[in-house]
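Note sheet for the following structure.
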Amino acid sequence: MLAIGSAAGAASFTHVHNVAASHGQPGWLAWADAIVLELMSIASGLEMRRRKRAGTSLVFPSLVLGFAVALSLMAQVVEAEPSAIGWIAAAVPALGFLVMVKIALGRAGAPSAADRVEAVRTVRPSAGDGKRTAQGRKPSTRSNPDIQALLPAARRASQELAADGQRLTRETLAERLRADGYTVANARVSTLVRTLKTEAP
């Protein structure tokens, strides 16, 4: 994936640079056009994923992505041989680069198979969750393997919520974990929130 993405990205950047340079954008301006145009699709893809997790509108980043892809493809084929094969061959680098970016974004932050197996066990809350012991203390998460299995994912979700400017609550944490593919009961989420708040400085 890295080799394909690097080769496709280099070819796509070069096409855009050459088109810009031959149409009145000399020197570094041509490279600036190539960098801005090609990386707009990556930035808009990241923003779409963030907004999808946050449950907000995808209209603006979707429009930006469509605009960037259309301009990139136009830059690839504008100086190609005027034939179907020439246009396809010129568009391959840009399409390959976008496909590799899409695959990479889809894999980033996805829970592993082991995480999913452990998370499925959290559907049924245990009788000890949310109750205090006879000494007045809440049960330790160390004695609960389900909570321990979910803690790494919960910590990542808490960091993402903070980066998005959202408060850590049972509702926001549950929504983020479920968006990441975890099946988790509300009682487990409450325990995770208490644990994360205890860990916070």
pair [X]-[Y]: side-chain heavy atoms closer than 4.5 Å:
| X | Y | value |
| --- | --- | --- |
| Phe13 | Asn18 | no |
| Leu95 | Leu73 | yes |
| Leu173 | Leu177 | yes |
| Leu161 | Arg167 | no |
| Val19 | His15 | no |
| Thr169 | Val193 | no |

Can you see which heavy atom on [X] is nearest to which on [Y], and at what distance?
| X | Y | answer |
| --- | --- | --- |
| Ser158 | Leu168 | OG-CD2, 4.0 Å |
| Asp33 | Ala20 | OD2-CB, 3.6 Å |
| Leu196 | Ala154 | CD1-O, 3.7 Å |
| Val64 | Ser44 | CG1-CB, 4.0 Å |

Treating Ile, Leu, Val, Met, Phe, Trp and Tyr as nodes and any side-chain heavy-atom pair under 4.5 angstrom as an edge, say whether [X] and [Y] lie in one connected cluster.
| X | Y | value |
| --- | --- | --- |
| Val16 | Phe67 | yes |
| Ile35 | Leu46 | yes |
| Leu63 | Val69 | no |

Is there a donor-acceptor pair under 3.5 Å between the side chain of Thr56 and the backbone N or O of Lys52? no
As a quick check of understanding, evaluate side chain to side chain contact (heavy atoms under 4.5 Å, CB included) for His17 and Leu29, giving each step before the final call. CA-CA 9 Å; His17 167 271; Leu29 290 175; over 6 Å; no
Any chance you could measure [X], atom [atom1], to [Y], atom [atom2], to the nearest 0.5 Å?
| X | Y | atom1 | atom2 | answer |
| --- | --- | --- | --- | --- |
| Glu38 | Thr14 | CD | OG1 | 10.0 Å |
| Leu65 | Met40 | CG | CE | 9.0 Å |
| Thr195 | Arg188 | OG1 | CZ | 11.0 Å |
| Met100 | Ile42 | CE | CD1 | 12.5 Å |
| Leu37 | Met74 | CG | CE | 10.0 Å |

Check the side chains of Gln166 and Thr172 for a donor-acceptor pair under 3.5 angstrom, ignoring hydrogens and angles. no
Is Asp164 paired with Arg51 through a side-chain N to carboxylate O contact shorter than 4.0 Å? no
Candidate pair Ser41 and Ser72, rule side chain to side chain contact (heavy atoms under 4.5 Å, CB included), full reasoning: CA-CA 9 Å; Ser41 58; Ser72 179; over 6 Å; no
